[in-house]
Asker: 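I have a structure I would like to understand better, so I am pasting it below and will then ask my questions one at a time.
Computed from a predicted structure; not experimentally measured. Numbers here are sequence positions counted from 1.
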Amino acid sequence: MDLSQQIYTVLVKRKYNRGKPFLAEKILDIIKTSVENDEPIKLVGFWGTGPKDAPNWADKESCDFLNDLNKEIQEIYKPGIEFTFIFANSHGIHNGYESERISSYIRGITTIFDKGYFPFP
């Protein structure tokens, strides 16, 4: 099994993934391109907002979970994963959460990210 396939196999483990990935071949192509260029694998996701005004234990556990995934990838591919998150603040506002609470939460989680939880660009 080549390196790209090994990385893909980690990403789709039941531990990290709830279902069959959408566009699996495209994902594998993206991984192959990252490996060919010796660059981190770029993963983009939404980070939800809600009624809380500061990160809590659930956010820490989410960060720990994603760090564990990245560490497992780095065992076979040193550049690892580069996470990019889009904050779903409009979704939170649409759901009736106060914009100041959302902003406060985003500032808090951004501070956590900036302390090195994830390798950002």
Asker: What is the minimum heavy-atom distance between I102 and G50, and which atoms define it?
Answerer: CG1-O, 4.1 Å
Asker: For residues V10 and Y8: do they belong to one hydrophobic cluster (side chain heavy atoms under 4.5 Å, members Ile, Leu, Val, Met, Phe, Trp, Tyr)?
Answerer: yes
Asker: Please verify the inter-ring angle class for F85 with F83; under 30° counts as parallel, over 60° as perpendicular, anything in between as tilted.
Answerer: parallel
Asker: Please say yes or no: joined through hydrophobic side-chain contacts below 4.5 Å, possibly via intermediate residues, are I73 and V12 part of one cluster?
Answerer: yes
Asker: Strictly by salt bridge (Lys or Arg N to Asp or Glu O under 4.0 Å), give each pair with a member in residues 5-20 just once, sequence neighbours left out.
Answerer: K13-E72
Asker: Quick one: salt bridge (Lys or Arg N to Asp or Glu O under 4.0 Å) pairs with a partner in residues 23-34, sequence neighbours left out?
Answerer: none
Asker: Identify the heavy atoms of G48 and Y105 that sit nearest to each other, and give their distance.
Answerer: O-CE2, 3.6 Å
Asker: Can you sort out the partners of K71 under side-chain hydrogen bond (donor to acceptor under 3.5 Å, both in side chains), two or more places apart, ordered by chain and number?
Answerer: none
Asker: Rounded to the nearest 0.5 Å, what separates atom CD1 in I7 from atom CD1 in I27?
Answerer: 13.0 Å
Asker: Would you give the length of the straight line joining atom OG of S103 to atom CG of N89, rounded to the nearest 0.5 angstrom?
Answerer: 7.0 Å
Asker: Rounded at 0.5 Å granularity, tell me how far CZ in F113 sits from CG in D59.
Answerer: 8.0 Å
Asker: For L66, is there any backbone N or O sitting under 3.5 Å from a side-chain donor or acceptor partner on Y16?
Answerer: no
Asker: I would like to know whether L11 and N17 meet side chain to side chain contact (heavy atoms under 4.5 Å, CB included); could you show each step before the answer?
Answerer: CA-CA 7 Å; L11 291 173; N17 195 338; 6.0 Å; no
Asker: Testing the basics here: between L3 and V35, what is the closest heavy-atom pair and its distance to 0.1 Å?
Answerer: CD2-CG1, 3.9 Å
